There are 2 protein chains.
Amino acid sequence: MGLRIFKGLETDNAYLELKTSLANNESVIIVGDCEVEYYGRASSTLTRGERVVMIKQDGSILVHRPEGYEPVNWQPPGCLFKVDSLNGLLKIVATRLSPHEVLTISFHKVYVMVCGRLYDKGIFSMHASEDEMKEAIRLNPSLIEEGLRILTSEKDLGEAGYADFVGEDSKGNFVVIEIKREVAGEEEVLQLARYVNEAKQRVNRPVRGVLVAPSLRRRGQVLLEQLKLEFKALTPESCKRFLKKVPRLSLLEFME
Amino acid sequence: MGLRIFKGLETDNAYLELKTSLANNESVIIVGDCEVEYYGRASSTLTRGERVVMIKQDGSILVHRPEGYEPVNWQPPGCLFKVDSLNGLLKIVATRLSPHEVLTISFHKVYVMVCGRLYDKGIFSMHASEDEMKEAIRLNPSLIEEGLRILTSEKDLGEAGYADFVGEDSKGNFVVIEIKREVAGEEEVLQLARYVNEAKQRVNRPVRGVLVAPSLRRRGQVLLEQLKLEFKALTPESCKRFLKKVPRLSLLEFME
DNA sequence: GCCTAGGTCCCGTGT
DNA sequence: ACACGGGGCCTAGGC
């Protein structure tokens with residue numbers, strides 16, 4: 001690791017180092033006293049204060065205040081950087097082309113600057129998402145109801161969108177299934193209703209619609225009853241527990 | 001500024017410094033080689049790689065890979081930290097109480113560590129959001145239609161939620177107005193429909209519903225027609241241009 | 001480019 | 001605590 005670390009740099013020296021770093025596509029962290037302006041979909045100003053600015057190798061940039069999860073200002077990956085040194089200020093202009101947005105950071109003081117390429121080939125894997133619920137249901141449709149058979153996943157229903165699953169119940173009814181990892185509401189019921197209506201026009205037999213989620217909000221319950229749809233409570237945790245018990249294909253194999 | 005900066009610390013020394021920093025409620029930035037685990041609403045693992053970890057004064061923590069706008073793992077403000085040094089590893093455990101979630105970061109190597117309190121009393125101000133559209137419309141309802149009068153803003157419509165505005169047109173009809181800063185869709189039409197239905201039960205005269213947004217998606221258009229609601233195209237930019245021309249009260253004065 | 005759908009979304013606000 | 005609405009949301013996938 002060849003990180004270059006600078007303490008208490010004058011802004012004009014910081015400018016030179018930063019220019020080199022950006023030319024070499026390095027990551028840069030700057031801690032210092034700055035002000036920030038943004039113009040684009042919205043616009044904002046932030047007066048002077050001490051912050052952490054992170055520039056990443058993919059052309060993203062974040063301005064972090066000493067509190068809060070979110071960056072106060074930022075630019076997503078792929079933006080263009082221009083740096084300048086004038087009147088004792090280190091100026092960083094990060095421009096995004098589409099939509100056209102400009103972020104300008106002006107450092108009055110640079111306390112610390114860390115420059116260097118970071119090597120990260122680590123593998124990130126996530127679990128207990130909607131995908132895991134889908135896999136569990138595919139392997140064991142009786143998690144939703146006894147006798148259910150899954151026919152297709154991610155069924156294209158044209159204008160209506162994509163149903164998570166379509167299947168068939170023990171009585172031969174067509175079943176459209178929409179799965180949510182979290183508590184569902186009106187929006188999710190409406191989504192299912194679209195799929196069911198579309199399916200009714202395509203299938204020459206009774207069509208049921210089942211919303212699968214950990215729970216359903218009051219408004220969603222009202223709409224669900226009006227539209228004569230059904231709800232089945234199921235949590236990602238219970239799906240995960242089920243998957244643990246079953247020797248199974250990997251998610252990747254499932255996807256192909 | 002009294003930032004403490006450490007290069008190439010052994011993990012056990014990093015542990016001691018980090019413990020002191022957290023006890024003093026300082027911000028900490030660590031650049032190093034680490035692995036990460038998360039368990040909570042979902043769960044994830046991330047194998048070894050070089051990353052930037054930021055701990056903030058409000059108890060939030062972010063793990064940033066060298067690419068991407070978003071942190072790969074994180075914990076929002078208010079979490080509890082526990083640090084440990086064992087087997088040559090610096091271990092940081094950040095726990096959130098509700099929902100119960102645990103983030104564990106294990107550093108194999110610490111390249112740089114920066115510790116210190118940051119002072120940021122800067123003032124952040126945002127413009128051209130939905131609020132600015134509302135203010136422009138309030139000052140000049142004819143941006144929506146000639147002869148419109150605004151009666152109240154944020155009218156409480158009980159179960160149905162809050163309409164952005166209610167007003168009265170030149171023919172004495174009651175008008176419910178929903179404003180969106182961005183392209184609107186089905187969801188926004190549905191929201192307006194709720195407000196209109198609620199208003200109809202409360203007002204003893206014809207009720208119109210107008211959705212105001214830069215544009216309306218196809219699906220939204222269909223639903224809008226079905227529900228006999230109306231759409232008026234208006235962009236935040238045009239509202240901003242209007243506001244610039246008018247000497248006006250501040251947003252704060254408007255809010256009271 | 002637009003549109004759809006999801007997220008450990010986060011965040012404020014109100015009940 | 002839950003629910004609802006908003007965000008410069010961001011991100012990924014399809015067309």
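Small disclaimer: the values here were computed from a predicted structure and weren't measured. Reminder, nothing fancy here: chain letters follow the sequence lines and each chain counts from 1. Atom set for the values below is all heavy atoms of this structure, side chains included, hydrogens, waters and symmetry mates excluded.
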Enquirer: Pairing of DNA chain D as dot-bracket, 5' to 3': ( ) intra-strand, [ ] crossing, | other strand, . unpaired, with Watson-Crick or G-U pairs under 3.5 Å?
Expert: |||||||.|||||||
Enquirer: Of B:L216 and B:Y38, whose nearest nucleotide on DNA chain C comes first from the 5' end?
Expert: B:L216
Enquirer: Do B:T47 and B:E35 get their side chains close enough for a donor-acceptor pair, meaning under 3.5 Å?
Expert: no
Enquirer: Under 4.0 Å between a side-chain N or O of B:W74 and OP1 or OP2 of C:dC9?
Expert: no
Enquirer: Taking the nucleotide of DNA chain D with the nearest heavy atom to each, does B:S98 or B:E187 sit closer to the 5' end?
Expert: B:S98
Enquirer: So which heavy atom on B:A233 is nearest to which on B:P214, and how close?
Expert: CB-O, 3.9 Å
Enquirer: Answer yes or no: does a side-chain N or O of B:K180 lie under 4.0 Å from OP1 or OP2 of D:dG5?
Expert: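 No, no such contact exists.
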Enquirer: For D:dG8, take OP1 and OP2 only and decide whether either is under 4.0 Å from a side-chain N or O of B:R181.
Expert: no
Enquirer: Could you check whether the side chain of B:Q191 and the base of D:dG6 have a donor-acceptor pair of N or O atoms closer than 3.5 Å, going by distance alone?
Expert: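 There is none.
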Enquirer: Can we say B:E101 and B:R41 salt-bridge, meaning some charged N sits less than 4.0 Å from an Asp/Glu carboxylate O?
Expert: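 Salt bridge: yes.
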Enquirer: Report yes or no: do A:T45 and A:E37 form a side-chain donor-acceptor pair below 3.5 Å?
Expert: no
Enquirer: For B:R219 and C:dA5, is the shortest distance between a side-chain N/O and OP1 or OP2 below 4.0 Å?
Expert: yes
Enquirer: Of the candidate nucleotides D:dG8, C:dC10, D:dC10, which contains the atom at the shortest distance from the side chain of B:Y69?
Expert: D:dC10
Enquirer: Which nucleotide, D:dT11, D:dG8, C:dC10, lies nearest any side-chain atom of A:R96?
Expert: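 Looking only at heavy atoms from C-beta outward on A:R96, the closest nucleotide is D:dG8.
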Enquirer: Using a cut-off of strictly less than 4.0 Å, decide whether A:R41 has a side-chain nitrogen or oxygen near OP1 or OP2 of D:dG7.
Expert: no
Enquirer: Specify the residue among A:E182 and B:R217 whose closest nucleotide of DNA chain C lies further upstream toward the 5′ end.
Expert: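 Here B:R217 is the residue nearer the 5' end.
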Enquirer: Out of D:dG8, C:dC10, C:dG6, which has the shortest distance to the side chain of A:E178?
Expert: C:dG6
Enquirer: Check whether A:R194 reaches the backbone of A:L157 with its side chain - one donor and one acceptor, N or O, closer than 3.5 Å.
Expert: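 Side chain of A:R194 to backbone of A:L157: no pair is present.
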Enquirer: What distance do A:F81 atom CZ and A:I105 atom CD1 have between them, rounded to the nearest 0.5 Å?
Expert: 8.5 Å
